[in-house]
Each structure stands twice: as C-alpha cells, then as structure tokens.
Peer 1: 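Quick one: the structure is below, questions incoming.
Just so it is clear, the model here is predicted, and its values are computed rather than measured.
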Amino acid sequence: MDMTAVPGQAASAGLETSQSAGTQSGSLIPGNIGFTIQKGGPIGTEQVNKARQILNDYKEGKKNLEQKVIDAEQWYKLRNWECMRKDSKVENQVEPVSGWLFNAISNKHASAMDNYPAPNILPREEGDKQEAKNLSSIVPVLLEKCDFEQTYNDEVYDKLIGGTGIFGVFWDGSKLGGLGDVAIERVDVLSLFWQPGVNDIQQSRNLFHVVLRDNESLIDEYPELEGKLGKSSIDLGKYQYDDQVDTTDSSAVVDWYYRKRNTEGKVVLHYCKFINDTVLFATENDPNYAERGWYDHGMYPFVFDPLFPMKGTPCGFGFVDVAKSPQEYIDRGNQAILENMLANSRPRYFVRSDGSVNEEEFADTTKPFVHTDGGLAQDSILPIQGKTLSGIYVTVLQNKIDELKETTGNRDISNGGSQSGVTAASAIAAMQEAGSKIDRDSSKATYRAFRKVCVMVIELIRQFYDMPRQFRIVGENGMNEYVSYSNAGIQPQDQGSVMGVDMGYRVPEFDITVSAEKRSPYSKLSQNELALQFYGAGFFKPENYQQALLCLDMMDFDRKEIIMNKIAQNGAMYQQQMMGMMGGMPVSGMPGMASVTPMQTQQEPQTASAGESSVTKDARQRVADSSVPT
C-alpha cells in the first residue's frame, strides 16, 4: 500500500504559511526554511513564565511515578540489583540474575503483537456508507505510512514494563513536501506532564510535552535564539543509560496545550511552543488560529493506554510492579544458595596462632612439602565443616517461581509446554486459550486506545485533507486499486431548511470497530479448520442455505455476517434458477428446501431487514435457556 500527494500542489488549502511553523510531535519541524519566530500577541514572556511554573508544579506531582517508571526499566533490563542494593552495605556480594520476569514480559509482548489491531470504520447514517468504505481502506494506509507497527511495538513495551503506553496523534506540516500528513508517535511518559489528580488526560487544565534538543541545531534552525540558550531550566527525568549522555548543551523545547473559550463561547484547543522564555509559535498570536484553535476536534493529541488502572492518575502499573517482589526473592534465594555453594566448594581451616605449620606453603597446593617447627599437633590445623542447605530452601525458591508465573499469567502452558497427562493437541490448544485471559484483557484495553487513535486520525483528515491525495489500496478482490481522496465527503453538510426553519449542518460521524489481524499461526489454523468444517457440513451447498443460516445464527466467530450474506445470496440465486427451470412454479421437493413461491422470494429480504424470523428466535431462545445455569 502506498500514498502520494497529487503533483503540483504545494500546500494544503486549510493551512496558512504559519502552519508550517511547527509540528505537533514535540520537536520542531525539519525544513522550516524562512520561518521566523512570532513577535507580539497575547502570548508573551509573562504568559510563558506562568506556564513554566505550572509545568514545574505538574512535574512535582508526578515525581513518584517517574521514579517508578525508571526503576521498572532497570528491572526489565535485568539490572534489578542496582535497585535492590540501595540499602545494602555489603560489597562484592554474589548477585545472580534470573529472567523469569523478563520472560513473562516477552511472552505478553508476543501475544500483543499476535493481536495487532486492524480498524473497520462503519457509518452512522445511510448516506455515509461510501465515505466509511473509503476510510476503512485509507486509514490502514496512513497507519502503514506512519510505521504504526513499530510505534505499536514500542507502546506495548512501555505498557507492560512501566504500566502506561502513550500514543501521540499529530499533524506534521513538513510531510509530503509541505502538503502535510498525519503522524503517529510513541510518547514517553517521562516527557509528558498533566494536572495531578485527574483520571482522564482530557480533563487536565493544561498539558505539556517536553523534549531536549541540542542547542547548536536549534540555533541553526532559529538564528534568533543566538545568545538565548543555555542549560535547560527544566530538569527532566532520565533513564539509566549504558552510554554517557551529556545534556549540558541542550535546551528543553516545550509544547504547551491548553483550552480556552473564544469570543463565541466555544472551548477550543490552543497550542504554544516555547524555549525558556522565548515563544516560537502560539495559536493565540496567529489570526488564523486565534478563534479556531489548533485542532478542530478540541482534544489533546495524546492517547493513554494503561495496563492496570489506578485512581487519581491516567497512568497504570505494569507487570514489573506486580512481579518484582517474587523476582527479588528468587534472586535473593539464588544468591544464598550460590554463596553457600561457593563457601563449601573451597575448604577453609582453623589455624592455631602458636601452631608450627608454615601457612603459606600449606595454602600453596603447588608445593609438595610443607615445613613445620617442632611437633605437629592434631589441633594445629582443623578443617572448617561447611553447613549444607536443607532441601526446603529449594522448595521455597520453586514456590516463588510458581508465584511469579501465576501472578503474571505466564504458566508453562502459555509458552507451549503441557502438563503431565495432557497429550491431545486439542486439549493443549484449549488450555492455552483458557490461559490467555489476561492477554485478551490487555489487548481489549489497547483496542480501546487504538479506537481513540483512529478517531483522531479521521478528525485530522476532516480538518486538513482539503487537497486530494492518491492512495493505493487493496480492493475487495485482493487486487490493487488507485483512488483519490479528500475531505469533501466528511465536511459539515448543509441540511437546508424545512418550512422556513434552517436545519443547520450535519457532520458525518463514524463508528470504529477493532479486530486482530490474526497473525498467530494457531489463530490462522483454527480459522482455516472452521472453514473446512463448514464445507464438510454442507453449509456452502445452495440447497442447504436455510439450515446453514440457522446454524450460523447461533454461532459466534469473526466475519460471521459476511459468510451469512454470501450463503443467503447463493441460496437466493439457487431458488431463482430452480424457478426458472420449472417455469415459475413453486419449488418443492428439493433436498433440504421448503416450498418457495416467487412472492416469498421477493419478500424474504424484507423479512430479514424487519427482524428475525420465528424459527431463528425460537432457536436462539433454546440456546439461551440451555446455557443459563440454574
């Protein structure tokens, strides 16, 4: 799939020259040749200083969260002893590291990638069907152009390790040679600051996204900053890197988002980018955005995806927080066992201070003779008897390992192993499916976040896709198709007037359903086996279409509606052929078919659209009655 801009179009009609001034990605747009820093306007040095004070207050409010995330990263990198030895005064101790927690996180990540989300966009009104169909084909192309699979990969790691993954959905005016396009990025929780105490990020009064930029590159891009840059006035939380990262010659670039009412009383989203006390761009200083705001959808362009939610914060806690206690005691247990092993593997001796044995020669095993002075008493040198550990300690250690597996939902069956006595492939598959409830719950939460991302993408298309763009999509028959698309069909539509009353405008709205792309080999195999079972049961024989539809109506699987529609179409065609062969007479006596008249054939679609038949309702009720526990 691919997407290209229409040749000869330099800029989107919805963007003025000032739009190329900044990107919503937290870093300044590359290639802003000729852009100069804004001067004058409601947002100046005083307002920026107040915003910086609010930012510092927000940062103080999430100090504990930042330290938790930094420590969680160390645990994930198998450097948990750096966190565990903070209160220990023992030096040169044995520090074994086991990868049970790492294995649990890796397994969860693999499950998430097997359930990579795919959007399906549905219309809310009959007249928007074609636009929904176009968006269902175009949005996946945009996701691929944004390298969303890599973004999703990084976001899932953040979610599993630190407890929160964050998507950023922006409009990047530098893409496509200045035409601009959607950009989706993974955002680090350490670089984002919000009002303490809110559960939903959209409820925060202000939102700040801060990144460090090298001073030389900033001056090269903005010559007006010469002499205004120095050490960053904002101290950002830092991970513990392997490399020596020097940030003394870097400055914090702040993206400040906030909401404010315009002169019409509408709450709009405003945006300001500043460094220290210098304003680079502010929507309130630009006449094109002072009343309209930055994004028409009015939402902060960030989507939070917490693993295990917590009260009073949009963030959650991850598997490191759940399992680091058993992981710590697993490593400490291994430490005790290994220290005992090392102590007992090297003999030690009691030596009398007045003994007559040459200790240096005794300790040197390369010397065949050991000199003594005078007589050699039995108590001159005595071996120290080592103490062996009881087997109970190994049992306790194994129990801690089992505890970690249980609390993370990472039992052996989830990794392809099987319990004693379970050998049937179907039984193993059933146990694996039953053991993946935590994975499915996490994927459902990610799908909810992905749905919000798609909503923001559609809203950005609605706002900025004024000029047509060319897309290469995959058609229904699997062949490549080339389409041109703009936002003309999803703009507010005038509904005219009725009896002299202006009916206003209608904005096309869409619902988004999310499903997995079925990348798991097991899921593909099960889907293929289901199709073969349908074929073997005669579901695809047109003369059996009524029985097949009744059976499918009681089942639940992906794309069931498509299969039912195809079977119904084949059945209707079969009836028409039979009626044609018999000169329009009722079709009777056919295997698996009731008597059908032409009038019944014409009325059948109406019955299907009006509601379920009595046969279907009775079958559904029987299934419900049999499945409800008494």
Side-chain angles (χ1 to χ4, degrees), residues 115 117-126 128-130 132-137 140 433 444 447 474-479 510-518 520 523-580 586-588 590-628:
N115 294 279
N120 183 30
I121 300 170
L122 305 175
R124 292 186 181 177
E125 296 191 21
E126 183 75 19
D128 299 328
K129 278 187 175 181
Q130 186 59 42
K133 181 180 179 182
N134 294 336
L135 290 172
S136 295
S137 300
E433 188 68 15
K444 284 294 183 67
Y447 287 177
V474 177
E476 294 181 356
N477 57 357
M479 302 296 291
F510 304 93
D511 295 320
I512 301 173
T513 60
V514 183
S515 60
E517 283 197 354
K518 300 296 182 184
S520 169
S523 61
K524 291 181 180 179
L525 178 63
S526 61
Q527 194 78 7
N528 295 338
E529 288 181 351
L530 181 63
L532 292 175
Q533 291 174 4
F534 288 165
Y535 178 80
F539 280 19
F540 303 135
K541 292 181 180 180
E543 63 269 22
N544 298 336
Y545 85 100
Q546 289 183 332
Q547 293 89 335
L549 290 177
L550 286 175
C551 184
L552 290 174
D553 188 61
M554 294 182 289
M555 301 178 67
D556 185 17
F557 56 91
D558 290 337
R559 305 181 69 185
K560 181 182 76 171
E561 292 78 10
I562 298 178
I563 301 299
M564 294 182 67
N565 288 335
K566 290 183 178 180
I567 291 177
Q569 292 174 5
N570 291 338
M573 293 176 59
Y574 177 76
Q575 285 185 339
Q576 293 176 1
Q577 292 175 359
M578 292 296 99
M579 290 167 54
V587 182
S588 62
M590 293 296 171
M593 292 186 60
S595 178
V596 180
T597 62
M599 182 63 66
Q600 289 175 325
T601 304
Q602 296 175 0
Q603 293 179 351
E604 187 172 358
Q606 298 178 3
T607 303
S609 61
E612 294 180 333
S613 65
S614 60
V615 177
T616 303
K617 290 182 178 179
D618 293 341
R620 186 185 297 276
Q621 185 63 39
R622 288 196 300 272
V623 173
D625 293 340
S626 63
S627 60
V628 174

Peer 1: So, does Asn565 use its side chain to make a donor-acceptor pair with the main chain of Glu561 at under 3.5 Å?
Peer 2: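 Checked: pair present.
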Peer 1: Would a 4.5 Å heavy-atom cut-off, applied to side chains only, mark Thr513 and Leu122 as touching?
Peer 2: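 Answer yes - side chains close enough.
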Peer 1: Taking the side chain as C-beta and beyond, is there a heavy-atom pair between Phe539 and Leu549 under 4.5 Å?
Peer 2: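 Side chain of Phe539 against side chain of Leu549, heavy atoms only: no contact under 4.5 Å found.
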Peer 1: Check whether any side-chain heavy atom of Ile512 sits under 4.5 Å from a side-chain heavy atom of Asn120, and report yes or no.
Peer 2: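 Ile512 vs Asn120: side chains apart.
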Peer 1: Do Val514 and Pro119 make a side-chain contact, defined as non-hydrogen atoms from C-beta onward lying under 4.5 Å apart?
Peer 2: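 In short, these two side chains do not touch, never coming nearer than 4.5 Å.
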Peer 1: Below 4.5 Å, heavy atoms only, C-beta onward: do Gln130 and Lys133 meet side chain to side chain?
Peer 2: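 Sidechains of Lys133 and Gln130: in contact.
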Peer 1: Any heavy-atom pair between the side chains of Gln575 and Asn570 that's under 4.5 Å?
Peer 2: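 Answer no - side chains too far apart.
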Peer 1: Looking at every non-hydrogen atom in both residues, tell me the closest pair between Met555 and Leu530 and how far apart they are.
Peer 2: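 Looking at all heavy atoms of both residues, the closest pair is CE-CD1, 4.3 Å.
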Peer 1: Distance check, rounded to the nearest 0.5 Å: Lys541 atom NZ versus Tyr535 atom OH?
Peer 2: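 Output value for this atom pair is 8.0 Å.
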Peer 1: Grab the two heavy atoms, one from Pro140 and one from Leu135, that are nearest each other, plus how far apart they are.
Peer 2: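 Shortest heavy-atom contact: CD-O, 4.0 Å.
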Peer 1: At what distance, to the nearest 0.5 angstrom, does CD of Glu529 lie from CG of Leu532?
Peer 2: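 These two atoms lie 7.5 Å from each other.
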Peer 1: Using the side chain to side chain donor-acceptor pair (under 3.5 Å) criterion, which residues pair with Glu126? Sequence neighbours excluded.
Peer 2: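 Per chain and number, Glu126 pairs via side chain to side chain donor-acceptor pair (under 3.5 Å) with Lys129.
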Peer 1: Would you call Phe534 and Phe540 a side-chain contact if the rule is heavy atoms closer than 4.5 Å?
Peer 2: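 Counting from C-beta outward, Phe534 and Phe540 do come under 4.5 Å.
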Peer 1: Identify the heavy atoms of Ser515 and Tyr447 that sit nearest to each other, and give their distance.
Peer 2: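 That would be C-OH, 4.2 Å.
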Peer 1: Within the 4.5 Å heavy-atom criterion, are Phe510 and Arg124 side-chain neighbours or not?
Peer 2: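 They are not in contact (no side-chain heavy atoms under 4.5 Å apart), so the answer is no.
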Peer 1: Out of curiosity, Met564 CE to Asp553 CG, how far, rounded to the nearest 0.5 Å?
Peer 2: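 Reported to 0.5 Å precision, the distance equals 5.0 Å.
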Peer 1: Say you draw a straight line from OH of Tyr574 to CG of Asn544; how long is it, rounded to the nearest 0.5 Å?
Peer 2: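 Rounded to the nearest 0.5 Å, the OH-CG separation comes to 9.0 Å.
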Peer 1: Measure the CG-CG distance between Asp128 and Asp511 for me, rounded to the nearest 0.5 Å.
Peer 2: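 So the CG of Asp128 and the CG of Asp511 are separated by 11.0 Å.
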